[in-house]
Amino acid sequence: MTQAKNKVVVFLGPPGAGKGTQAERLAAEQHLLKISTGDILRDHVQRGTELGQQVKPILDAGKLVPDDILIALIRDKLAGMDAVRVIFDGFPRTLPQAEGLDMLLEELGAPVNAVPLLEVPAEVLISRIVDRGKQAQAAGQAVRSDDTEEVARHRQDIYREQTQPLIDYYAARGHLYRVDGVGSMDQVYGRILDGMK
Ligand code: ADP
């Protein structure tokens, strides 16, 4: 029953690096649950839940939702899992979130196994995000309110200030490996798998 074995992957990388797409494929191929905090929060906003109403202005501004809210969300998601087989996409984003996650995982006896860091040059990131917004609009799909150039730049600043310290946090624990995020989706995916061995 190798499939039931615990496995915890944390995807790190700036907004627009392609974490969501790569995490989705890895989740499908390795029978892992992808937990994307951005998707969860956007879903709350769309459904107009109490949490959604609370976080909507924060998402629209490209700021970070408070750590305690995120940690509670993740605690709920992990509760009752038999085998903890998950990929985190967009979480943790701050040191307190990383420490909170480690505490939750310790309770479950399922420590972090791998932390791929998707690296993409800053100038490529903004154009990817702005293109994503334009493509969604052209296809008649919902456009993320934070995929405008100004908010995208602000999200990059927050990444540099709040999330980059996690690189050292996970490197110190021996879990981090760097992945060149420029290339085709298949190429990048191959690099992610190579680093995981
Ligand atoms: P991206 O990586 O492109 O910025 P996400 O979908 O991961 O997009 O996140 C979108 C927004 O959701 C963030 O700008 C932030 O407002 C909120 N968010 C998502 N995850 C977190 C988190 N772990 N901590 C705080 N805020 C978060």
Side-chain angles (χ1 to χ4, degrees), residues 8-24 26-27 33-47 49 51-78 86-105 112 115-137 141-167 169-170 179 181 185 188:
V8 178
V9 180
V10 172
F11 262 82
L12 274 191
K19 298 185 296 292
T21 314
Q22 298 294 342
E24 195 159 316
L26 189 68
L33 173 70
K34 182 178 85 129
I35 300 180
S36 163
T37 45
D39 288 348
I40 295 171
L41 294 169
R42 275 188 294 278
D43 180 57
H44 275 277
V45 171
Q46 242 154 24
R47 289 188 289 122
T49 65
L51 174 63
Q53 292 174 31
Q54 187 185 348
V55 302
K56 183 178 189 310
I58 304 177
L59 264 71
D60 285 351
K63 299 201 163 84
L64 291 187
V65 171
D67 292 331
D68 52 343
I69 295 184
L70 268 297
I71 292 168
L73 271 180
I74 299 299
R75 179 185 288 278
D76 279 359
K77 281 270 162 203
L78 297 180
V86 291
I87 299 183
F88 290 103
D89 160 30
F91 178 89
R93 254 178 161 92
T94 64
L95 276 176
Q97 289 181 20
E99 287 160 2
L101 176 62
D102 274 348
M103 277 175 58
L104 290 176
L105 292 175
V112 171
V115 183
L117 167 65
L118 276 189
E119 296 188 297
V120 175
E123 61 278 12
V124 180
L125 294 169
I126 301 291
S127 56
R128 275 194 192 176
I129 290 178
V130 173
D131 285 352
R132 176 167 77 188
K134 286 185 187 149
Q135 278 168 15
Q137 192 166 28
Q141 293 161 355
V143 179
R144 276 177 54 172
S145 57
D146 59 352
D147 273 355
T148 61
E149 179 160 353
E150 196 195 339
V151 179
R153 285 195 190 283
H154 184 55
R155 281 153 57 208
Q156 303 297 336
D157 292 343
I158 293 198
Y159 174 78
R160 274 192 295 277
E161 288 159 17
Q162 309 249 48
T163 310
Q164 263 184 351
L166 299 189
I167 296 173
Y169 181 90
Y170 286 115
V179 174
M185 281 190 198
V188 175

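Just so it is clear, the values below take in all heavy atoms, side chains as well, and ignore hydrogens, waters and symmetry mates. Counting convention: from 1, in listed order, for ligands and their atoms alike.
Tested against Asp147, the residues Arg155, Gln137, Lys134 include a single side-chain hydrogen bond (donor to acceptor under 3.5 Å, both in side chains) partner, Arg155.
Protein residues having a heavy atom under 4.0 Å from any atom of ligand 1 are Pro15, Lys19, Thr37, Gly38, Leu41, Arg42, Leu59, Lys63, Leu64, Val65, Leu70, Gly90, Phe91, Arg93, Gln97, Arg132, Arg144, Asp146, Arg155, listed by chain and number.
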As a quick check of understanding, evaluate side-chain contact (heavy atoms from CB on, under 4.5 Å) for Asp102 and Tyr169, giving each step before the final call. CA-CA 11 Å; Asp102 274 348; Tyr169 181 90; 2.5 Å; yes
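Between Gln164 and Arg160, the closest heavy-atom pair is CB-O, 3.4 Å. Nearest heavy-atom pair across Ile58 and Val65 is CG2-N, 3.8 Å.
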Scan the side chains in residues 17-24 for donor-acceptor partners under 3.5 Å anywhere in the protein, sequence neighbours excluded, and list what turns up.
{"residue": "Lys19", "atom": "NZ", "partner": "Gly13", "partner atom": "O", "Å": "2.9"}
{"residue": "Lys19", "atom": "NZ", "partner": "Pro14", "partner atom": "O", "Å": "3.3"}
{"residue": "Gln22", "atom": "NE2", "partner": "Met185", "partner atom": "O", "Å": "3.2"}

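Rounded to the nearest 0.5 angstrom, Leu70 CG and Ile40 CD1 are separated by 9.0 Å.
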